[in-house]
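Values below: all heavy atoms of this structure, side chains included; hydrogens, waters and symmetry mates excluded. Naming convention: chains lettered A, B, ... in sequence-line order (proteins, then strands); numbering from 1 in each chain. What you see is a predicted model; the values in this text were computed from it and never measured.
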Amino acid sequence: MLDVQGLGIRFGGNHAVRDVTASLPAGQITAIIGPNGAGKSTFFNLISGFYQPTSGRIVLEGQDITRLKTHEVVGRGVARTFQTTTIYRELSVLENAMIGHRVRTKAGLLDALLRTGRERQDEAGSRAGGLRALERVGLAGQAHLSAGALSQEGQKRVGIAMALCSDPRLLLLDEPAAGMNPEETVNLMALIRELVAGGLTVALVEHKMSLVMGLADRILVLHHGQLIAQGTPEEVRTDPAVIEAYLGGHAHGGQMGQAGVSHA
Amino acid sequence: DRVVSIGFSGPLSGGAASYGKDTQSGVEMAIAELNRTGIRVKGEKVTFKLVSLDDRYLPNETATNVKRLTSQDINVIFVPHSGGILTVQPLTSRENFLLAAYSSEPKILEANNPMTFMLPPRYDNYLQPFAQTQMKAFGKRLALVGTSSAYGKQWTEAISAEWKKQGGTVLRDNSVDYNTTVDYSSAVTKALSEKPDVMFIGGPSQPTALVIKAAREQGFKGGFIVMDQAKFEQMDTVIPAAYLSGSVGVLPTKEFPGTSIFVNQYQKAYKKIPTSEAGLNYMGMHVIAKAMELAGTTSDPKAIRAKLDAAARALPLSKTVYKLAGVTPDGHVDAEFIIASVRNGKYTKLRVPKVYK
Amino acid sequence: MLDVQNLSVNYGHFRALHGLDLTVNPGEIVVLLGANGAGKSTLFRTLAGLQRPSGGSATWNGTPLTGGRPELSVSRGVSLCPEGRLLFPELSVEKNLRLGAYTHRRDRAGTEQELGRVYGLFPALVEKRNAPAGSLSGGQQQMVAIGRALMARPALLLLDEPSLGLAPLVVEQVLSAVQQVNAQGVSVLLAEQNAFAALGIAHRGYVLEGGRVTLQGPQHQLLNDDRVRSAYLGV
Amino acid sequence: MTTFLQQLFNALALGGVYALVALGLTLVYGVMRVPNFAHGGLYMLGAYLAWTALENLGLGYLSALLLSAVAVALVAALLERVVFYPLRDAPHVYPMIAALGVLFFIEAAVQLRWGADFKQIREPVPGTVELLGVTITWQRVLVMAASVAAMLGLNFFLKRTLTGATIEAMSQNREGARLVGIDTNRVGMLTFAISGALAAVGASLIAPINAVTPSMGEVMNLKVFAIIILGGMGSVPGAIVGAFLLAFAEVFGGTYISFDFADVIGFALLVVVLAIRPQGLFRRTA
Amino acid sequence: MIRAGNGLWVWLAVFALAALFPLFRPSGYLLDIGVNVMIYAMLAYGMNVLLGFTGQLPLSHAGFFGIGAYAVGLLTLKAGWSFWLAWPAAVLLCAALGYLLGLVAFRTKGDAFSIFTLGVGVIIMLVIERWTSLTGGKEGLNGVNPPAGLEAFSEGLGLRLSGGFYYLGLAALALTVLVVARTRGSVFGRSLIAIRGGEDLARSAGIDVYAHKLRAMMLSTAIAGFAGGLYAVYVGFLGAAATGPVMTFTVLLYLLVGGLGTLAGPLLGPALMYTLTQSLKGLQDYQYIVFGPLLVLLVMFAPQGLVGLWERWRSRRAAPARSVDHA
Ligand SMILES: Nc1ncnc2c1ncn2[C@@H]1O[C@H](COP(=O)(O)OP(=O)(O)OP(=O)(O)O)[C@@H](O)[C@H]1O
Ligand SMILES: Nc1ncnc2c1ncn2[C@@H]1O[C@H](COP(=O)(O)OP(=O)(O)OP(=O)(O)O)[C@@H](O)[C@H]1O
Ligand SMILES: [Mg+2]
Ligand SMILES: [Mg+2]
C-alpha cells in the first residue's frame with residue numbers, strides 16, 4: 001500500500017525521524033510503537049504531508065506522494081486523526097463528518113453563488129457521506145448534537161468519522177485509545193477491525209500494548225527516530241532491543257494488568 | 001424673537017480637529033456677539049444658534065450632515081474643507097442653503113455655484129512680494145518643504161510658479177504632511193542638501209516652527225517663506241525668536257480697531273491666540289448676518305447671497321479683522337492679510353498688489 | 001488531610017458532580033476510577049480552585065480549597081497535574097519546570113535540587129531542556145506537566161491521568177515515582193484509566209459514575225470487586 | 001556624503017522614537033497578545049500629563065516625566081482590570097475593538113480637557129552636538145539612548161527575571177500560570193502598568209521633538225503595531241530592530257525617492273518582509 | 001440563523017418593508033441614513049466572508065472599498081464609461097486585486113495576516129492620496145455623476161434622486177445578502193467555517209486551505225468594491241480619507257456589534273451603530289466620550305453581537321423545556 005524509503009526530517013539539530021524504510025501492507029493493521037519522542041507522530045505528519053521530509057521518499061501504491069500537500073495526500077486516499085482530540089467542537093457531529101467529505105467534492109465559489117447542479121449534488125453527497133461515516137463509527141444517533149458535548153471517547157469517534165468521510169484507503173490513527181478505559185478500548189478495537197474488514201488499511205500509533213498486541217498484524221518500532229525493529233507482535237515483543245527501549249519488564253504480561261495478549 | 005439656526009459641518013475629532021475647532025470657534029464667537037448686540041431683520045429681533053456636526057473630514061459625512069441640517073430648516077451652513085464643500089455644492093439649490101465655504105480650492109469657484117460664499121482670501125496676492133523680497137535678500141534657490149495638505153500643495157505650486165517667473169531656481173519638492181510627520185529633520189536635511197537660499201514652509205503654526213527649528217539647527221542661514229496658515233505670533237512661543245529672523249509671512253495685525261477687539265475677545269473666550277481660520281470665519285458670519293439684515297430675510301439664501309457684497313462693504317470697522325474690499329460676484333470674499341518680513345524681531349510690512357478690481 | 005463534603009459542580013444547567021464525599025488521609029495514595037465523563041477531571045479542577053463548586057466544601061487541613069483562587073492552593077501545598085497539561089508552549093522546558101516552583105522562588109537551592117530529581121525521573125527531558133515545551137512529543141509534554149506539579153513540592157499531589165500518552169516503561173517509572181514521593185509523606189489523589197496499575201500502588205480507591213461515588217474501599221477490596229474488575233480492569 | 005551621514009543620524013533618532021513607543025507595546029501585544037490599540041492613547045496621555053506638569057504645576061522635566069509615568073501606569077492598570085481582563089477569553093477582535101473604544105474615549109477626553117491645538121514641551125537639554133560634520137540635537141541623542149536602555153532593560157526583565165517569566169507564562173496559558181501559583185491578576189495589572197509607564201516616558205522624551213496633539217497617538221499606533229510584527233511577536237530585540245528598520249526605510253526612501261511616499265515605503269517594507277518571513281524577523285519558525 | 005425555511009420570509013419581509021419606506025416621503029436626511037447604512041452593511045458583509053466565516057481579519061478592507069470607488073469614479077469621469085459598465089468592472093478589478101493580495105498575504109497567519117493587510121490598506125490609501133495625477137490626490141475627485149437613468153427612474157416613481165439611490169442601494173444590498181447567504185450555506189462555505197475552526201485540522205480533513213482562503217478573499221474584496229462603486233456615484237465626490245484604516249475599523253466595529261459570522265449581523269450592526277453615531281453627534285464634544293465606553297460595554301456584554309444577544313434570549317426562553325428533556 002504505502003512504502004517509505006530512507007525517510008527523514010530534522011528540526012534544527014534534532015533528527016526527529018531518520019532514514020526510515022518500511023512499508024504498510026494493504027488490508028493490514030500496522031502498529032507503530034516506540035518511546036515518547038521517538039518520532040511516531042512526526043512519521044505520521046510526514047506521510048500525511050503535514051511536514052516536508054528533508055530526505056527520503058513516500059510512495060503510495062506506486063505513486064510518489066513525497067512532495068504533495070496535505071489536502072492532495074488526503075485526496076489520494078490517506079486520512080488521519082490527531083494525537084490530541086481535535087475536532088470542531090462548536091459544529092454538529094454531522095457537520096464535522098461532512099467537512100471530511102470536502103475532498104471528494106468539486107463545487108467551488110461559483111457553484112455556491114449560482115447554486116449549480118454540481119453544488120446541489122455535492123451537498124447531497126456530503127450529507128450522505130457524512131451520515132454513512134457516522135453510521136460506521138456508531139454515532140448516527142448523535143448526528144445533530146454539537147460535537148463538543150460528546151465524551152472524550154465520542155469525540156475520538158467524531159475524529160475517525162471525519163477521516164473516514166474522505167473515503168480513505170489508508171487510515172492513520174495517532175493514539176486513538178488514549179484516555180479510554182479498558183471497556184472503551186475494546187469497543188474501539190472492534191471498530192478498527194470492522195473498518196479493516198471493510199477493505200481499509202490502518203496504521204496506528206499507540207502506547208496501550210493490549211490494543212497493539214491484540215490488533216496489529218505488524219509492528220514497527222521507532223527509537224530516536226530510527227526503525228529499530230519490525231515484525232509480528234510475537235517477534236517484536238520478544239525482541240531484546242524493544243524490551244530495553246520501550247516495553248520494560250512488562251513485555252510478557254501486556255501492559256500492567258490490562259487485557260493481555262492472550263485475550264486477543 | 002426669532003431663533004435662526006446656523007449649521008456647521010467640519011472635523012471636530014481626530015487629526016484635523018484643531019483646524020475644525022478653530023473655524024468653528026470663529027463662527028461661534030461671531031454668533032455670541034451678534035446675540036449680545038442683537039440684530040433686526042424686517043423689524044423682528046433675531047438671535048442665532050449654532051448647530052455643529054462632526055464629519056471627521058469625510059465628504060459623505062458632510063453630505064449626511066448637510067441633509068440633516070437642511071431638514072431642520074437651516075439655510076446657512078459652514079463647511080471648512082474642500083472635499084465636503086465640493087460634495088455638497090450640488091445640493092445647495094435642491095436643499096436650499098447658503099454654503100459658507102472655508103477653503104481656497106479653486107474648483108469651488110469654478111463650479112459657478114450660485115449659493116456658495118467662499119471665505120478665505122486669495123493667497124496669490126502675496127506670492128509676488130514674498131518671492132521678490134526673499135530672492136533679493138537671500139538668493140535665487142528655493143527649497144520646498146511645505147505641508148502636503150491640499151492647501152499646502154496649491155501654495156507650493158503657486159510659489160514655485162512665481163519664483164520661476166521672477167527668474168529663480170526651484171529645487172525638488174520635499175513636502176511632508178505636517179499633521180502626521182513624526183520628525184522633520186530628514187526632510188529638512190534633504191532640502192538643505194541642495195543648498196537652497198530660501199525655504200518655503202508652512203502648515204499649522206507649531207509644526208511649522210519645528211521645521212524652522214530643524215533647519216536652523218542643521219545650519220541653515222537663509223530665509224523662509226512662510227505660508228499664511230502659520231502665524232508668527234504662535235511660532236514665537238515655540239522657538240527662539242532669532243530662528244524666525246529672515247522670514248516673510250502673515251503679520252499679526254493691529255490695523256483695524258476690530259482686529260485688536262477680536263484678538264482680545266478671542267483670547268478671553270478661548271484662552272489662546274486666534275488663528276486666521278477663526279478670524280475669517282468670524283468675519284464671514286458677521287457678513288452673513290449683515291446681509292440678512294440688508295436682504296430682509298433669514299431663510300432665503302439666494303437673497304442673502306445677493307447682498308453679501310453690500311454687507312461686506314457695510315461691515316463696521318469694529319468687526320473687521322482683516323482688510324475687506326467686498327465680495328466678488330462669484331461669491332468670493334475679497335479680503336487680505338497684511339504681510340511682512342521679519343528681521344531681528346522687527347516686522348517690515350510688504351506692499352501687496354491688488355488682484356480683484 | 002483532604003476532606004470533600006457534599007461537593008456539587010455545575011456547568012451551566014448541567015450538573016457534573018452530585019454531592020460528592022471523599023477523603024484523602026495524610027500519607028495516603030487514593031485512586032479515582034471512573035469512565036469517561038464520570039467527573040474525575042471536574043473534581044480535580046475544583047480541588048485546584050480552577051472551578052467553583054455550586055455546593056458543598058473541600059478543605060485541605062482545614063482551609064477551604066474552593067475559593068476560585070488556584071494560586072493560593074499551591075502555596076498551601078496542593079498541586080495539580082491537570083488534564084490537557086496546560087503547559088506554557090513557547091517557554092523552554094526548563095522554564096516550565098522552574099515556574100512550577102514559583103511558590104518556592106525564595107528557596108533557590110531547594111528548587112535546584114527538585115529540578116535535579118525531576119530530570120532524574122524523566123531523563124528524556126534533559127536534552128530537551130532548552131526546547132520550547134510546545135515542540136515536544138505528546139508524551140514528553142506529559143512528563144513536563146508531571147514534573148511541573150512535582151516542582152511545587154506539594155503536600156497533596158493531584159494527578160489527573162498522568163500516564164496519558166506515556167510509553168509503558170515510563171508509566172511504570174511515573175507510578176513508582178508517585179510511590180517514592182508518597183513515601184516522603186505526600187498525599188496523592190490519582191485518576192487513572194490504567195486502573196490495575198493505579199490500584200497496585202494505592203491504599204484506597206473510589207469509583208465515580210455519573211458524578212456520584214458508587215463504590216469505595218481499600219485497595220484489595222476494589223481489586224477483588226466484580227464490578228470493578230469487569231468495568232475498569234478489563235478482566 | 002554629509003547628507004548621507006546626517007540622514008543616517010536622523011534615521012537613528014527616528015528609529016529611537018519608534019522604538020520607545022513600540023517597546024511599551026511589546027509587553028502587552030508582543031508578549032501578552034492583547035491587541036491594545038489604546039496604547040497610542042496612553043502615549044498621548046503621557047505627553048499631555050508631562051506637559052501639564054511642566055506648564056501648570058511648574059515641575060522640572062524629570063519630575064514631570066516621572067509623574068506622568070506613574071499616572072499613566074495607573075491608568076493602564078485600571079484599563080487591564082476594567083476592559084481587558086473581562087475579555088481575556090474572547091477572540092482577538094473583541095479586545096481590539098474595545099481598545100479602540102478606549103482610544104476614542106481618551107482622545108475625546110484629552111481634547112475636551114486640553115483642546116485640540118498643538119502644544120509644545122521644551123527640550124530639557126537644548127542645543128546640538130556636532131559629530132563627523134553632522135548635527136544632532138541632544139534631545140535626539142537622549143531618545144536614542146533611552147530606547148536602547150529600555151530595550152536592554154526590558155529584555156533582561158523578560159528573559160532573566162522570574163517576574164518576566166511569569167508574564168510570558170500567563171500570556172501563554174492563564175490557567176497553567178494560576179496552577180503554579182502565579183497571581184495572574186497582579187501580573188496582568190503589573191504588565192499593563194509597565195507598558196503604560198514606558199509609553200509615558202517615551203512620550204515625555206519624544207514630545208520636545210514633535211508637537212503634542214490629541215491625534216499624536218493615532219499616528220504612532222499603526223506604525224508600532226507594524227514594528228512589533230515586523231520584528232517578530234514577543235521578541236524585544238526584534239521590536240527595536242523593526243523600529244530602526246522602519247525608520248531607515250522612511251528616511252532613506254524619503255531621501256532617494258520622495259518624502260511624499262515615505263510612509264508608503266515604510267509600509268511596503270513591512271509587507272515585503274512579512275511576505276518573505278511571515279513570522280517576522282526575530283522569531284523562530286514555530 | 002436564517003436557514004432557508006422561516007428565515008427566508010423574515011428577509012423578504014424586511015426588504016419589502018424597506019422598499020415601501022420612500023413612499024412615505026421621509027426627509028432627505030432619513031433616506032441618506034438609509035443609503036449610508038446600506039453601503040456600510042455591504043462592506044460589513046464583505047468583511048464577514050473573511051472574518052466571520054474564514055476567521056481571517058483583513059485590515060485592508062476599506063482600501064478595496066476605495067479602489068472600487070475610484071475605479072468607478074475614474075472610469076466614468078476620465079474614460080467616459082457608463083456607470084452600469086464601470087460598476088461591474090470595478091467589482092472585477094477588486095476581485096482580481098484581492099486574489100493577488102491573497103496570494104502573498106496568506107503566507108502569513110493570525111495577527112501577522114491582519115498587520116500585513118493593514119500595511120496594504122495603508123499603502124492603498126496613501127497611494128490614492130499621493131497619486132495626484134490620477135486620483136486628484138488630497139483635493140479628491142469631484143463630480144461623479146449619478147447613474148444614467150436613475151433620475152428618470154426616480155421621477156417615474158415621483159421621488160427625488162435620493163429616492164432613486166435608495167432603491168439602487170437596496171437592490172445592491174439584496175444582491176449582496178443573497179451572495180453571502182448562498183456562500184455560507186454551500187459546500188464551499190462549510191469549508192470556510194472549517195478553516196475558521198482550525199487550519200491544521202481543515203487541512204488534514206482534506207481542504208485546500210490556501211485555495212479556499214483565496215476565493216474567500218476575492219469574494220470579500222469584490223463585495224467591498226461593489227459597495228465602493230455605489231459610494232462613488234452616491235456621494236459624487238471621492239477623497240482618500242474614506243479608504244483608510246479608520247474606515248476599516250469602523251466597519252469591523254459595526255460587524256462585531258451586529259454579530260460575527262451571522263447573516264443578519266452585518267445588516268443589524270450598521271443599522272444600529274450608524275444611527276447611534278448620528279444621534280450622538282448632537283453631543284458634540286462629548287460624542288466620543290460617550291461612544292468609546294459604549295463600545296467597550298457592547299463588546300463586553302454582547303460579545304456575540306446583536307444576533308448573539310437575540311439567540312441567547314431565545315435559548316433562555318427555550319432552556320427550561322430542554323433541561324426537562326435532559327433529566
Ligand atoms: N515542530 C517541531 N519542532 C521541533 N521539534 C519537534 C517538532 N515536532 C516534533 N519535534 C521533536 O521530534 C521528536 C519526535 O516527536 P514526535 O511527536 O514524533 O514523538 P512521538 O513518537 O509521537 O512521541 P509520543 O509518544 O510522546 O507522542 C521529539 O523530540 C519532538 O520534540
Ligand atoms: N467546560 C465544560 N462545560 C460543560 N460540560 C463539561 C465541561 N467540562 C466537563 N463537562 C462535562 O462534565 C462531565 C464530567 O467531565 P469530566 O471531564 O470531569 O470527566 P472525566 O471523568 O474527567 O472524564 P475523562 O475520563 O474523559 O477525562 C462530562 O459529562 C463532561 O461532558
Ligand atoms: Mg506522538
Ligand atoms: Mg478527565
Checklist line | Heavy-atom pair of closest approach, residues E:Ala205 and A:Met162 | finding: CB-SD, 4.0 Å

Note to self: With heavy-atom distances below 4.5 Å as the criterion, would you say the side chains of E:Thr183 and A:Leu109 are in contact?
What the structure shows: yes

Checklist line | Neighbour count above 12 (heavy atom, 6.0 Å) for A:Arg169 CZ | finding: yes

Item checked: Proximal component of A:Glu90, with respect to chain E [non-hydrogen, under 4.5 Å] -> side chain

Notebook entry, point to check: Atom CE in A:Met98, atom OG in E:Ser191: separation rounded to 0.5 Å?
Noted result: 10.0 Å

Check: For the residue pair A:Arg102 and E:His212, what are the closest heavy atoms and their distance?
Finding: NH2-NE2, 2.8 Å

Notebook entry, point to check: If you count heavy-atom pairs under 4.5 Å between each of E:Ala181, E:Ala202, E:Gly206 and chain A, which one has the most?
Noted result: E:Gly206

Note to self: To the closest 0.5 Å, what do you measure between CZ (E:Arg203) and CD (A:Glu72)?
What the structure shows: 12.0 Å

Note to self: Could you tell me if the side chain of E:Val209 sits less than 4.5 Å from the side chain of A:His71, heavy atoms only?
What the structure shows: no

Check: For chain E, which residues from residues 122-141 of chain A have at least one heavy atom closer than 4.5 Å to it?
Finding: A:Asp122, A:Glu123, A:Ser126

Per-pair distances, 0.1 Å, donor-acceptor, side chain in residues 96-107 of chain E, under 3.5 Å, sequence neighbours excluded:
unit_1, atom_1, unit_2, atom_2, d
E:Arg107, NE, D:Ala275, O, 2.5
E:Arg107, NH2, D:Ala275, O, 2.8
E:Arg107, NH2, D:Ile276, O, 3.3

Item checked: Toward chain A, the part of E:Ala216 with a non-hydrogen atom under 4.5 Å -> neither

Margin query: With chain A as the partner, which of E:Ala194, E:Gly189, E:Gly197 has the greatest number of non-hydrogen pairs under 4.5 Å?
Written below: E:Ala194

Next item on the list: Find the one option among E:Leu219, E:Val180, E:Leu192, E:Ile207 whose heavy-atom pairs under 4.5 Å with chain A are most numerous.
Entry: E:Ile207

Check: Does CD belonging to A:Gln121 count more than 12 external heavy atoms closer than 6.0 Å?
Finding: no

Notebook entry, point to check: Just checking heavy atoms, which of residues 48-70 of chain A are less than 4.5 Å from chain E?
Noted result: A:Phe50, A:Thr70

Margin query: Working to the nearest 0.5 angstrom, can you tell me the gap between E:Ile193 CD1 and A:Tyr88 OH?
Written below: 10.5 Å

Next item on the list: Against chain E, label A:Leu114 side chain, backbone, both or neither, depending on which of its atoms sit under 4.5 Å from a heavy atom there.
Entry: backbone

Margin query: Using heavy-atom distances under 4.5 Å, tell me whether A:Val103 contacts chain E through its side chain, its backbone, both, or neither.
Written below: both

Item checked: Pairs involving residues 106-116 of chain A, ordered by first then second residue, that meet salt bridge (charged side-chain N to carboxylate O under 4.0 Å, His left out) (sequence neighbours left out) -> A:Asp111-A:Arg118

Next item on the list: Could you tell me whether the side chains of E:Ser204 and A:Arg80 share a donor-acceptor contact shorter than 3.5 Å?
Entry: no

